[in-house]
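Letters A, B, ... mirror the listed sequences (proteins, then strands); counts begin at 1. Side chains are part of it too, since the values below use all heavy atoms of this structure and drop only hydrogens, waters and symmetry mates.
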Protein chains: 2
Amino acid sequence: MKITYKGDYALKAIFQLALHYGKSDECVMSISEIAKLGDMPVKFLEQILLALRRGGFVKSRRGVKGGFLLARHPKEIKVGEVIRFMEGPIEPIACVEKESYKGCKDVAGCIFRDIWKEVKNSVCAIVDALTFEDLIIRYKEKSLKKSSMLEYNI
Amino acid sequence: MKITYKGDYALKAIFQLALHYGKSDECVMSISEIAKLGDMPVKFLEQILLALRRGGFVKSRRGVKGGFLLARHPKEIKVGEVIRFMEGPIEPIACVEKESYKGCKDVAGCIFRDIWKEVKNSVCAIVDALTFEDLIIRYKEKSLKKSSMLEYNI
DNA sequence: ATAATCACTACTAAAATAATCATATTTATC
DNA sequence: GATAAATATGATTATTTTAGTAGTGATTAT
């Protein structure tokens, strides 16, 4: 039941780009900039960003002052989409999506399959309802709360 | 977001023992018997059953006519318990339970952590509400349905 | 020109996974 | 008491996944 670093970093990178989004189309972020903000290894993040580009999540510009930017508006990118793209289908076990599954002679009669489907649906309901715009709103609320707590010395 | 074979086989083994439960305390199942029913590799299952014994889920008897049986009533064993015991904490990422997490400088301000908590809670709600008695009921309903479908040639 | 930056491919070390193997110990039954 | 059937335990292994690193090439603003 784990998300890998690959998926984690992908989400963080897109989140950084989302925070940075819209100021102007010229406004790209370099890999190293994103890596620094999210505390991620640069060369590993590079691979992830290139994958995200192929997936249509981000766009890139090469050369000096090049970098990455979101290919779509943050409200058009769902968290679940990114997870699925980076990690494969959201399902606790392969038999949920694929009918063929080694460990199961009787897929139709398998009660566990039903449970995994429930789990899958419930997880998908959460991550597919969340866009990166939602995340930004949450983030801003959080940092507002934090700063006001600081202000009043709570 | 995956369950491993270890966890999968553990659930299946306990389910077989649960189906077999209560007929008498003498009524144990051998590893090979369980393995056959669940289509699992015998020696791998052996390790899993021994782990489950240490975890207090099953009891064993050695020697001829030995084997395994549940240590508790099926209604006293939750699916979530077994998953946690075999796979570790149910959480998409380590930062949910543990405060220390390499990939995150700012755990408090991290919006993803909140999402993973939501996911975790929602998954736990499902698997912690399910006992092996529930599974048996589901299973019997299913096989009843199947046999009646056969009967009426649907 | 050149320096900064993305693009791509290949490689690698470590960990996890899914087992197998060998050997000991226990116990019902003949 | 011998034997066979079973669990108990620890070691070993093969494969895959993960999390990177390294190097080289292509592009472009200055």
Gln16(A) side chain to Ile34(A) backbone, donor-acceptor under 3.5 Å: no
d(CZ, Arg61(B); P, dT29(C)) in whole Å: 11 Å
When Val64(A) and Arg54(A) are each assigned the nearest nucleotide of DNA chain C, the 5'-most assignment goes to Val64(A)
Have a look at Gly66(A) and say if it touches a base, only the backbone sugar-phosphate, or nothing, with a 4.0 Å heavy-atom cut-off. sugar-phosphate
dA7(C) P sits how many Å from Gln47(A) CD, rounded? 13 Å
Start at the 5' end of DNA chain D and walk down; is the nucleotide closest to Thr4(A) or to Gly63(A) reached first? Thr4(A)
Do any N or O atoms from the side chain of Glu81(B) and from the backbone of Lys78(B) form a donor-acceptor pair under 3.5 angstrom? yes
Does Lys43(A) make a side-chain donor-acceptor contact with the base of dG23(D), cut-off 3.5 Å? yes
Sugar-phosphate only, base, or nothing, as touched by Lys65(A) at under 4.0 Å among non-hydrogen atoms: sugar-phosphate
Is there a Watson-Crick or G-U wobble partner for dT30(D) with both distances under 3.5 Å, and which nucleotide is it? dA1(C)
Between OH of Tyr9(A) and C1' of dA19(D) the distance, given in whole Å, is 8 Å
Distance check: side-chain N/O of Ser60(B) vs OP1/OP2 of dA6(D), anything under 4.0 Å? no
What is the separation between atom CG on Leu49(B) and atom P on dA19(C), rounded to the nearest whole Å? 14 Å
Whole-Å gap separating P (dT9(D)) and CD1 (Ile48(B)): 16 Å
Salt bridge or not for Arg138(A) and Glu118(B), using N-O below 4.0 Å? yes
State plainly whether the residues Asp8(A) and Lys2(A) are in salt-bridge range, i.e. N to O under 4.0 Å. no
Picking from dA8(D), dG20(D), dA7(C), which would you name as closest to the side chain of Arg53(B)? dA8(D)
Round to the nearest Å and state the distance from Asp8(B) atom CG to dA18(C) atom P. 9 Å
For Ala13(B) versus Leu49(B), what's the shortest heavy-atom pair and its separation? CB-CD2, 4.2 Å
To the nearest angstrom, the CZ-P distance between Phe44(B) and dT13(D) comes to 18 Å
Base dT25(C) to side chain Arg62(B), donor-acceptor N/O within 3.5 Å cut-off: yes
Whole-Å gap separating P (dA6(D)) and CD1 (Ile31(B)): 10 Å
Picking from dT20(C), dA18(C), dC6(C), which would you name as closest to the side chain of Tyr5(B)? dA18(C)
Out of dT9(D), dC8(C), dA28(C), which has the shortest distance to the side chain of Glu46(B)? dT9(D)
